[in-house]
Amino acid sequence: HSLHYFMPQTYFATHPDYFCLINGMRRKNVGKFQVCFSNMDGADAMAREVVAAAKKSKLRFSSIGVCIQDNWNLCECENCRKPIMLPDGKILTQKDDHFNSTRFYLYLNRIGEAMKRECPDKRICTFAYFFTVQPPAMKLMDNIDVVFCPAVKNDKYSILAPENKLWLERLARWKAATRNLIWREYYGCGSNFPRPLAETAAIDMRTLKDRFAFNSYISEILPDLDRKTRDYRENWDMSAMEFWVLSKLYWNPDADVEILRNEYLDKTYGPAAPMMKQFFGIIRKAWYKDPASSTLSDNHYKNAIYYIVEKNQEDACRNALVGAFAAADRENVRINIRRTIDRFEDWMKNKHLYTSATLKIPSVKNAAEAKTPEHPLWRKAALIDSFQVMNRPKDRAKADTKIKVMYDNGWLHCLFECSKRKGEPLYSKANGPDFCPFGDHVELFFAPSASGAYYHFAADFSSNRYDAKGYDNTWNCNW
């Protein structure tokens, strides 16, 4: 995510129009926002910065990354919302699912043109990610490499499975659009719980190699160190084996995953290997048996509750770890196992903070008549309050939210009472068709069966609405 390197804030004083317009204000912090992608003068300015960086660098490199920031904060200026006239005369509007990506890639092509003139031996590398994950409606410069980022695919299933149909379709469209495509994975994310990704990853790697002729795929793996902002060592305490196996698969996708795991266990734990294999095996069996989705944003505490506690495997996991520690014959092995035990016991110690509450929803006759917050029928509804910040259960939300829920004749009725923070006006923005509203909004998730499928609904105070089945935003229903 590099736009902020090539659009320094020094431009803001004289050219605020190069920067995002959000809620009526230009935003100079490109790290938290994007830039104005409709401003071609801004694209030329960024091109000069990119070319200067390429020429000034003393490193040996073949490409330079010009990638969107890690957010959905797109410019709301009039020009960014205008229909796009394509080189072939076609017109795109905000209703087209590749409107935002086309806007960005037109901007990037301008930078690609400058690089081709000034640095013909260098290439540009960019992310197909978030709003740029859709192929654009125009041809890309041939000196642009696209890193396809399936950031929220379901990691339990291969890209050939129905659960990841959307990602396979997007991949096929990108392969038709450009030969310069790289596959990017996120195996390091969510790894503070030992998600057993290797079996599915091996299928995907073989598919990319054999069916799509990929010769380049990469992954995000976290460093084994303690940084000021985050201690990554806990990820290695739980997922070092998976990192090692995945790295071996990158060299040879046809390797046998089970053989690789056994090799790692034997070399790392010696006589303690059988018990450590039992510990990881319990988790792997529960993870693959359960159809619930798993993505890079999985929370390790919630995973521990779902795959260990609720599956009645807490004692079995603890006994395997204690047995492994007792069987260890070297101090470094005992240190490794002790760190795994400490992480496991931390999950169990904090499980009460992440356990979901249960609530009985009352059936209320004529509930559909309660069309205003003041209607007396809402007094009969169940109340949900005391919201915490997501994944920080000890932190109370700064603005109070209350939800009242009741049902009648097969319909669920919800009333949201949302308080704004003092001194901060409410803000809403439609993100375009089939995208979750941006700004102040509410979201509901329903998982009605054991199939693993869930449904996502969102709405804001400006009547922007969104629905999806999992991450499939093409799914719609009447609500």
Side-chain angles (χ1 to χ4, degrees), residues 1-3 5 50 53-54 57 59-68 70 101 104-105 108-109 111-112 115-116 119-136 139-155 157-161 164 166-191 197-223 242-255 257 260 295-296:
H1 309 290
S2 59
L3 297 184
Y5 292 117
V50 173
S57 177
L59 300 174
R60 294 178 60 187
F61 68 97
S62 58
S63 67
I64 187 167
V66 182
C67 307
I68 64 168
D70 198 6
S101 65
F104 167 74
Y105 289 113
L108 188 66
N109 265 359
I111 301 171
M115 283 291 287
K116 199 157 194 173
C119 304
D121 61 327
K122 307 298 183 188
R123 302 181 62 79
I124 289 175
C125 186
T126 195
F127 290 158
Y129 176 76
F130 281 7
F131 58 89
T132 65
V133 75
Q134 301 280 8
K139 188 176 180 180
L140 280 177
M141 290 287 296
D142 60 6
N143 62 340
I144 295 177
D145 296 321
V146 177
V147 181
F148 182 72
C149 305
V152 288
K153 70 177 175 60
N154 188 341
D155 291 330
Y157 300 91
S158 80
I159 56 173
L160 300 176
N164 286 316
L166 185 65
W167 293 104
L168 184 64
E169 291 174 350
R170 288 172 173 170
L171 172 61
R173 289 172 60 191
W174 267 113
K175 285 297 289 184
T178 179
R179 293 180 299 172
N180 308 319
L181 198 61
I182 301 166
W183 179 273
R184 177 191 173 101
E185 277 290 358
Y186 293 83
Y187 297 139
C189 299
S191 58
L197 303 170
E199 283 85 356
T200 297
I203 297 172
D204 284 348
M205 290 180 201
R206 292 193 292 268
T207 300
L208 295 170
K209 176 174 67 77
D210 299 335
R211 178 171 169 177
F212 292 100
F214 269 83
N215 56 17
S216 181
Y217 33 82
I218 59 177
S219 180
E220 192 170 297
I221 298 292
L222 305 173
E242 215 63 20
F243 293 161
W244 187 87
V245 173
L246 289 164
S247 298
K248 287 288 188 179
L249 290 172
Y250 266 56
W251 285 106
N252 178 17
D254 297 311
V257 171
L260 289 175
T295 73
L296 59 88

query = Between the side chains of Asp70 and Tyr129, is a donor N or O closer than 3.5 angstrom to an acceptor N or O?
reply = yes
Heavy atoms only: give me the nearest [X]-[Y] pair and the separation to one decimal.
{"X": "Ala201", "Y": "Leu246", "answer": "CB-CD2, 3.5 Å"}
{"X": "Cys125", "Y": "Cys67", "answer": "O-SG, 3.6 Å"}
{"X": "Val245", "Y": "Ala198", "answer": "CG1-CB, 3.7 Å"}
{"X": "Ser158", "Y": "Ile203", "answer": "CB-CG2, 3.6 Å"}
{"X": "Asn164", "Y": "Lys153", "answer": "OD1-CB, 3.4 Å"}
{"X": "Asp142", "Y": "Arg123", "answer": "O-NH2, 2.9 Å"}

Verify, without hydrogens or angle tests, whether [X] (side chain) and [Y] (backbone) share a donor-acceptor contact under 3.5 angstrom.
{"X": "Lys175", "Y": "Phe212", "result": "yes"}
{"X": "Ser57", "Y": "Ala53", "result": "no"}
{"X": "Glu242", "Y": "Leu197", "result": "yes"}

Nearest-0.5 Å distance, [atom1] of residue [X] to [atom2] of residue [Y]:
{"X": "Asp204", "Y": "Arg206", "atom1": "CG", "atom2": "CZ", "result": "9.5 Å"}
{"X": "Met205", "Y": "Thr200", "atom1": "CE", "atom2": "OG1", "result": "10.5 Å"}
{"X": "Ser219", "Y": "Leu249", "atom1": "OG", "atom2": "CG", "result": "11.5 Å"}
{"X": "Arg184", "Y": "Ser216", "atom1": "CZ", "atom2": "OG", "result": "12.0 Å"}
{"X": "Ser63", "Y": "Ile182", "atom1": "OG", "atom2": "CD1", "result": "7.0 Å"}
{"X": "Phe104", "Y": "Ile68", "atom1": "CZ", "atom2": "CD1", "result": "6.5 Å"}

key: Ile111 vs Met141, side-chain contact (heavy atoms from CB on, under 4.5 Å): CA-CA, chis, key distance, verdict   = CA-CA 9 Å; Ile111 301 171; Met141 290 287 296; over 6 Å; no
Any non-hydrogen side-chain atom of [X] less than 4.5 Å from a side-chain atom of [Y]?
{"X": "Arg211", "Y": "Leu160", "result": "yes"}
{"X": "Tyr187", "Y": "Asp155", "result": "no"}
{"X": "Asn154", "Y": "Thr295", "result": "no"}
{"X": "Leu171", "Y": "Leu181", "result": "yes"}
{"X": "Thr126", "Y": "Thr132", "result": "no"}
{"X": "Lys122", "Y": "Ile64", "result": "no"}
{"X": "Arg170", "Y": "Leu166", "result": "yes"}

task = Give the ring-plane orientation class for Phe148 versus Trp183, where under 30° counts as parallel, over 60° as perpendicular and anything between as tilted.
result = tilted
message = Using the ring centroid of each side chain, check whether Tyr250 and Tyr217 are separated by less than 6.0 Å.
response = yes
message = Taking the ring of Trp174 and the ring of Phe214, is the distance between their centroids below 6.0 Å?
response = no
request  = Walk me through it: do Tyr186 and Cys149 pass the test side-chain contact (heavy atoms from CB on, under 4.5 Å)?
outcome  = CA-CA 8 Å; Tyr186 293 83; Cys149 305; 3.3 Å; yes
message = Test side-chain contact (heavy atoms from CB on, under 4.5 Å) on Ser191 and Leu222; report intermediate values, then the result.
response = CA-CA 9 Å; Ser191 58; Leu222 305 173; 4.0 Å; yes
task = Test side-chain contact (heavy atoms from CB on, under 4.5 Å) on Ile144 and Asn109 and set out the steps.
result = CA-CA 8 Å; Ile144 295 177; Asn109 265 359; 3.5 Å; yes
